[in-house]
Structure formats: C-alpha cells, structure tokens
Number of protein chains: 2
Amino acid sequence: MAQSRPHVHSDDCPGCHAAPEVAFARHDHSHCSGDVLARAEALANAQGARLTPVRRRVLEILLEEHRALGAYDVLQRLAAEGFGNQPPVAYRALDFLVENGLAHRIRRLNAFAACMHPGEAHAPAFLICRHCNHVAEAPAAAVRAALDGAAAEMGFLIERSNIEALGLCPACRGAGE
Amino acid sequence: MAQSRPHVHSDDCPGCHAAPEVAFARHDHSHCSGDVLARAEALANAQGARLTPVRRRVLEILLEEHRALGAYDVLQRLAAEGFGNQPPVAYRALDFLVENGLAHRIRRLNAFAACMHPGEAHAPAFLICRHCNHVAEAPAAAVRAALDGAAAEMGFLIERSNIEALGLCPACRGAGE
DNA sequence: TCTTGACATGTTATCTTATAACATAGATAG
DNA sequence: CTATCTATGTTATAAGATAACATGTCAAGA
Ligand SMILES: [Zn+2]
Ligand SMILES: [Zn+2]
Ligand SMILES: [Zn+2]
Ligand SMILES: [Zn+2]
C-alpha cells in the first residue's frame, strides 16, 4: 500500500501544507501519505541514507496511523509482521527517521509522528489537543526565527528545537471543550 | 539559608532578567535564589496554594543547584533529609511547583528547574547546551506570540507550551565546541 | 574469490522515568 | 470535637529507553 504516484498539492489535503486550516479535519490521507512516502524515499537516497525494510515499514506505520505513536505501539505492529520484537528494533528505526528528517519526536507525548513535509527544511511546532488527542504539525518558521533571536541575545546558538503546545483543536473548541 | 531579604535587580545577577546575556555565566546565585524563594512564597500565598515543607524544600533544592534536576535526583536529596523516599513524594512536589508557576519541566531532559521569574507571567524557552549541559531560561514572549499566531491560523487555542532548544552556549562556542 | 570492515538487525538484560492505588496524618471548617 | 478536605507516605507496577553483545548482510579491496 501507499505506492509512489504523481501528486498535486491540494487545498483539501491536510498533508499539503497549503491548507493548514484543515489539518485537524477528518480526511482520507492515503492521498498525502503516499506522496510523503515517495518523497521520503527520494530524500533518503539523496542523503545516502538507507531506507531499509524495517525503517520503511515504520515510516509507513506512522503514515497509516497519521497520529503520534509510542515506540512500543510501533514495536507491537512490527512484531506482528515478523520483524524483531524487542525495543531497540523500534527505537533504532525511529531514531533513524528522526535523524533524517522523516519523522518527529513529540516529547510531551513520548511519541513519534511522520513528518508531513520531508525535505522542506522546516522547524515544526506541534499542536496537541488535550481533549481529542489529535496532533498537528504547524508551519513554524516564524516561531523558530523568534526563538533564534531570543537565543542570539544570550549568545546561544540553536541547533535543534522542540516546540510543542497543548490546547484545544478547532473541533473541540466548537464542542465547548 | 536562602532567607528572604530585600533585593535590587542587578546587571551582575543572572537571576535578574535584566541581564539575559550573563545567564550562562558562572556566578554566585545565592543573591537571586534568595529573592526568588521569597517571591515564590508570596506568590503561593496570594494564590491560596500551600508551600508546605516538602514543596518548599524541593524549590530550595532546585534553586541551590541552579540547574535542571531529575525527579530521582530531587528524591535522593529529600530522602537524605528525612522526607519520604518514594518517587511520588518528589513527583507530587514537583508537579505542584510546575502547576503554580514556581518551576518548569524540561521534557528534553526529563528534568525540572526552578523558575527564575515566578509570577511574571512569562512563556519561557529553555536553551540547553549540548556540550556543558547548562540550561538557561530565555525570555520568550515574542516566541510565544509567534506560536500563538501560527496556532490561530489553524483554529487552535494554546493553553500551555514547551519551547526547548539544543545547541551551544556562549562559552562552549568560544572554546570551539 | 576471498577477506575484511562497515553497517544493520536481533536478542538479553537492565535501567530510568512515571503513576496507580491505598493507608496515614494534618489542617480547616462546622 | 468531628467531619471533611488536603497533603504525605508506602507498596507495587507500568511505561519508556538504552547498554552490551551476537548474528547477519553487503560491498570494497586484496
Ligand atoms: Zn515535519
Ligand atoms: Zn480536539
Ligand atoms: Zn520561568
Ligand atoms: Zn556550554
């Protein structure tokens, strides 16, 4: 599943950053996830990183679920499919994906999510709904710029950042929390 | 130790947010920590929160160390002083301090640090040096504003945020990493 | 072709971090 | 003084992460 195929950015697809306002909306994301997987594959090749079967499968799992998954959730699925069933198997694959910009780690949730914009050099911010637990990756170039500025005033040089927020998504706000 | 006493903000004291550029510098912070503790006490009273002996002692410990401490580090010190020696003792006190704005949780480090600006309604950003492990709390009102803006574009309402960055502090940059 | 070294995977065992559940003690309010 | 609420303490266990070592895979270089 999720085979590579041509993809045109669409306002209806939350996987396309062109439509941030629908990121929390319910949707069939086979559209965007297939595209993301194809781009991830190309990106890994370009970087000389090897997207091996386990690694690729972990990325697929993250894309299929389209939400943040714990390492042990991923591991459970891997084991069911004949891969190793010990923690390091999952952690190593996840670490690889994070290192190569194909996934993000969400520390507040002790979880990982596929990156929806691989290769686009972005500093993501994660918005976590405390009511329905949905997570969205918000474009946060401006946030990162402000952070770089604040750090620079203290003479600090930022290499990586984690920006995470807890609150209410549009749906849960509408439903009166 | 760390008794309440009059305190004038000073450019030499990293505890005073007037001098962000020296936050990473070596210093005697009994100056600022005493002041912070006094303010924390006043703040807790004003909020109707009870700064009990364990809670107060945990805050003092965080201030004394002036760095991020893991819950089990704190617990060890508590136990050595006759308080309970089981994890919930430390976690409950730490959670109380975080809830009441007297300490911050740094998720990247699984650690906690005393807030250096209690009661000042700030959205902190933490700068973590990957080389010397020092942590500084940077004023990040602008960062938070940008984050609120990015969230608003997606219809998301932020209630709390974690902004953390990993990189190099001034000293370690100077020393060639 | 064979060897060697780099990298990836798998497994065992252990460690660190965090919480559930329940019992006891202290403070507050009627 | 008693009821009630809040805080502390303890036992036990859950959840997250890594160290260390063994095995397998593959391709460059002898
Ligand atoms: Zn991303
Ligand atoms: Zn929601
Ligand atoms: Zn603070
Ligand atoms: Zn440093």
Side-chain angles (χ1 to χ4, degrees), chain A residues 41 44-45 47-62 67-100 102-113 128 130 133 162 164 166, chain B residues 41 44-45 47-62 68-100 102-113 128 133 162 164 166:
Chain A
E41 208 139 66
N45 278 331
Q47 294 174 347
R50 295 166 50 191
L51 194 59
T52 60
V54 213
R55 293 167 175 174
R56 185 192 161 102
R57 187 64 196 124
V58 168
L59 180 55
E60 286 176 3
I61 288 169
L62 292 180
R67 62 190 176 91
L69 288 181
Y72 282 75
D73 293 329
V74 171
L75 179 59
Q76 206 174 317
R77 285 169 176 76
L78 285 179
E81 298 176 23
F83 293 97
N85 71 335
Q86 299 304 318
V89 173
Y91 279 103
R92 282 197 287 236
L94 288 166
D95 287 347
F96 169 89
L97 296 175
V98 170
E99 284 305 309
N100 290 275
L102 303 177
H104 296 290
R105 185 171 200 156
I106 302 171
R107 305 207 87 110
R108 180 152 210 143
L109 301 176
N110 292 324
F112 301 81
I128 306 163
R130 69 163 155 79
N133 280 114
N162 285 88
E164 304 174 4
L166 191 71
Chain B
E41 208 138 67
N45 278 330
Q47 294 174 345
R50 296 166 49 193
L51 192 60
T52 61
V54 211
R55 293 167 175 173
R56 185 193 160 102
R57 186 64 195 126
V58 169
L59 180 55
E60 286 176 2
I61 288 169
L62 293 180
L69 288 181
Y72 282 76
D73 293 329
V74 170
L75 179 59
Q76 207 175 317
R77 285 168 177 76
L78 286 179
E81 298 177 22
F83 293 97
N85 71 335
Q86 298 304 318
V89 173
Y91 279 103
R92 282 196 288 237
L94 288 165
D95 288 347
F96 169 89
L97 295 175
V98 170
E99 284 306 308
N100 290 274
L102 303 178
H104 297 290
R105 184 172 202 154
I106 302 171
R107 306 208 87 111
R108 180 150 210 147
L109 300 176
N110 292 325
F112 301 80
I128 306 164
N133 280 115
N162 285 86
E164 304 173 4
L166 190 71

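Note on naming: letters A, B, ... go to the chains in the order of the sequence lines (proteins, then strands), and numbering restarts at 1 for each one.
Mapping Arg92(B) and Arg105(B) onto DNA chain C by nearest heavy atom places Arg105(B) at the nucleotide closer to the 5' end. Nearest-nucleotide positions on DNA chain D for Asn110(B) and Arg50(B) put Arg50(B) closer to the 5' end. Nearest-nucleotide assignment on DNA chain C puts the 5′-proximal partner with Pro88(A), out of Gln86(B) and Pro88(A).
The phosphate of dA17(D) (OP1 or OP2) has a side-chain N or O of Tyr91(A) nearer than 4.0 angstrom. The shortest distance between the side-chain N/O atoms of Asn85(B) and the OP1/OP2 oxygens of dG9(D) is not below 4.0 Å.
Using a 4.0 Å cutoff to heavy atoms of chain A, the contacted part of DNA chain C runs 5' to 3' from dC7(C) to dT12(C).
Rounding to whole angstrom units, CZ of residue Arg108(B) and P of dG16(D) are separated by 19 Å. As rounded to whole Å, 13 Å separates atom P of dA7(D) from atom CG of Leu97(B). Rounded to an integer number of Å, the gap from Asp95(A) CG to dA19(D) C1' is 14 Å. Between the C1' atom of dG16(D) and the CG atom of Leu94(A) lies a distance of 12 Å, rounded to the nearest Å. Between the CZ atom of Arg55(B) and the P atom of dG9(D) there is a distance of 11 Å, given to the nearest Å. The interatomic distance linking Leu75(A) (CG) with dT18(D) (P) rounds to 14 Å, in whole Å. Rounded to a whole Å, the CG atom of Leu69(A) is 12 Å from the P atom of dG16(D).
Residue Asn85(B) comes nearest to Ala79(B) through the heavy atom pair CB-CB, 3.4 Å, listed as atom of the first residue, atom of the second, then distance. Across all non-hydrogen atoms, the minimal contact from Arg50(A) to Arg55(A) is O-NH1, 2.8 Å. When all heavy atoms of Leu62(A) and Ala103(A) are compared, the closest pair comes out as CD1-CB, 4.1 Å. The two atoms that bring Ala113(A) and Ala68(A) nearest to each other are CB-CA, 4.2 Å, heavy atoms only. For the residue pair Asn162(A) and Arg105(A), the shortest heavy atom distance occurs at ND2-O, 3.7 Å.
With contacts defined as side-chain heavy-atom distances shorter than 4.5 Å, the pair Asp73(A)/Ile61(A) does not qualify. For the pair Leu51(A) and Phe96(A), the minimum side-chain heavy-atom distance is below 4.5 Å.
Judged by distance alone with a 3.5 Å cut-off, a donor-acceptor contact links the side chain of Tyr72(A) to the base of dA17(D).
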